[in-house]
K.L.:
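Here it is: the structure, laid out below.
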Amino acid sequence: EFLLLWVVMMAAMMLPSVAPVASMYLRVVRSRRTGPAAAHTAGLVGGYLLAWAGFGVLAYGLSRALGTLAPMSTGMGMAPASRTVWAAAVILAVAGLYQFSPLKARCLRHCRSPLGFLLHFGTYSGRLRDVRAGAYHGAYCVGCCWSLMLILVAVGLMNWAWMIGLTAVVFAEKVWRSGPVFGYAVGGALILGAVLLPWLPHVQTALLS
């Protein structure tokens, strides 16, 4: 149940930002007249979501280990448990710090300028070419955004405010000209939230409800 919900959420949140890459990829493969566009699209999207499903397994294992799995929002106005608060603070801190990491920057560069990816996989053949291309690009997206998506484990998978906010952050980082700088600002805000969260009840209610 968790994995199915996770994949559906990743599709809703991540596919808007990957649409330009998918469009470019389809133009490359269609120029070679190797089959219907629908089949290429299905393979590419399937491989992309497969990468996120793999991370979903890790996220589920981590949440079970921490005892913080929250498939639903805590509910408007309800105070979260102390353990949930501290776990959420740690996750926010990790997500904020990762925004400044070299690995994040490398993966983000790939997602923003996937020309090498397109040229590489545009020459591939075989039934699983599109799936491989989607999984390859998906792996870079996981490397870019895993820490942001992990926030949902702490705040609730159905916390619509966080889902919309994180979707906007991911889209801006990948598409907006000032996306990398914007990502640093988001990182700073997440770190500040992690510091304030354990000590301020109204922040707990705002972020975790």
K.L.:
Take F55 and M10, measure what side-chain contact (heavy atoms from CB on, under 4.5 Å) needs, and give me the verdict at the end.
P.N.:
CA-CA 11 Å; F55 177 70; M10 292 304 102; over 6 Å; no

K.L.:
Who else is in F100's hydrophobic cluster (ILVMFWY, side-chain heavy atoms under 4.5 Å, direct or via others)?
P.N.:
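Cluster partners of F100: L97, Y184, I191.
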
K.L.:
Can V94 and L190 be said to form a side-chain contact (heavy atoms from CB on, under 4.5 Å), step by step?
P.N.:
CA-CA 9 Å; V94 170; L190 291 173; over 6 Å; no

K.L.:
Nearest 0.5 Å, please: how far is CG in L148 from CD1 in I91?
P.N.:
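Reported to 0.5 Å precision, the distance equals 12.0 Å.
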
K.L.:
Is there a path from L50 to L44 through hydrophobic residues (I, L, V, M, F, W, Y) whose side chains come within less than 4.5 Å of each other?
P.N.:
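Per the 4.5 Å side-chain linkage, L50 and L44 are not co-clustered.
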
K.L.:
Using the side-chain contact (heavy atoms from CB on, under 4.5 Å) rule, take W162 and L152 through it: C-alpha gap first, then chi angles, then the decisive distance, then the call.
P.N.:
CA-CA 7 Å; W162 275 98; L152 293 173; 4.1 Å; yes

K.L.:
Between L197 and W86, does the side-chain contact (heavy atoms from CB on, under 4.5 Å) criterion hold? Intermediate values first, please.
P.N.:
CA-CA 8 Å; L197 186 62; W86 282 101; over 6 Å; no

K.L.:
Within a strict 4.5 Å, meaning less than it, do heavy atoms of the Y60 and V153 side chains meet?
P.N.:
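Contact flag for Y60/V153 side chains = no.
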
K.L.:
Give the minimum heavy-atom separation between A194 and A89, together with the two atoms involved.
P.N.:
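Smallest heavy-atom distance, with atoms named: CB-O, 3.2 Å.
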
K.L.:
Restricting to side-chain hydrogen bond (donor to acceptor under 3.5 Å, both in side chains), what partner residues turn up for Y98, sequence neighbours left out?
P.N.:
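For Y98 the side-chain hydrogen bond (donor to acceptor under 3.5 Å, both in side chains) partners, ignoring immediate neighbours, are W146.
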
K.L.:
As an exercise, state the distance from SG of C107 to NE2 of H137, rounded to the nearest 0.5 Å.
P.N.:
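Going from SG on C107 over to NE2 on H137, the span is 11.0 Å.
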
K.L.:
Classify the ring geometry between H110 and Y140 as parallel (under 30°), tilted (30 to 60°) or perpendicular (over 60°).
P.N.:
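The rings of H110 and Y140 lie parallel, inter-plane angle below 30°.
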
K.L.:
Can you tell me how far apart SG (C144) and CG (L103) are? Round to the nearest 0.5 Å.
P.N.:
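So the gap between those two atoms works out to 9.0 Å.
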
K.L.:
Do the side chains of I151 and V195 join up, straight or via other hydrophobic residues, at under 4.5 Å, putting them in one cluster?
P.N.:
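Different clusters.
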
K.L.:
Can you get from M13 to F182 by hopping between Ile, Leu, Val, Met, Phe, Trp and Tyr side chains that sit under 4.5 Å apart?
P.N.:
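Yes; tracing contacts between hydrophobic side chains, which count when under 4.5 Å, links both residues.
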
K.L.:
Can I get a per-line list of side-chain donor-acceptor pairs under 3.5 Å for residues 164-180, giving both atom names and the distance, sequence neighbours left out?
P.N.:
unit_1: T167; atom_1: OG1; unit_2: M163; atom_2: O; d: 2.7
unit_1: E173; atom_1: OE1; unit_2: K104; atom_2: NZ; d: 2.9
unit_1: E173; atom_1: OE2; unit_2: Q99; atom_2: NE2; d: 2.7
unit_1: E173; atom_1: OE2; unit_2: K104; atom_2: NZ; d: 3.4

K.L.:
Can you name the nearest heavy-atom pair linking V7 to A53, along with the distance?
P.N.:
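Closest pair (atom of V7, atom of A53, distance): CG2-CB, 3.8 Å.
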
K.L.:
Tell me whether L150 shares a hydrophobic cluster with V186, the cluster being built from Ile, Leu, Val, Met, Phe, Trp, Tyr side chains joined at under 4.5 Å.
P.N.:
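Yes, because L150 and V186 connect within a single hydrophobic cluster, where side-chain heavy atoms sit under 4.5 Å apart.
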
K.L.:
How close do C141 and M14 get, heavy atom to heavy atom, and via which atoms?
P.N.:
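Scanning both residues completely, I find the closest heavy atoms to be CB-CE, 4.4 Å.
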
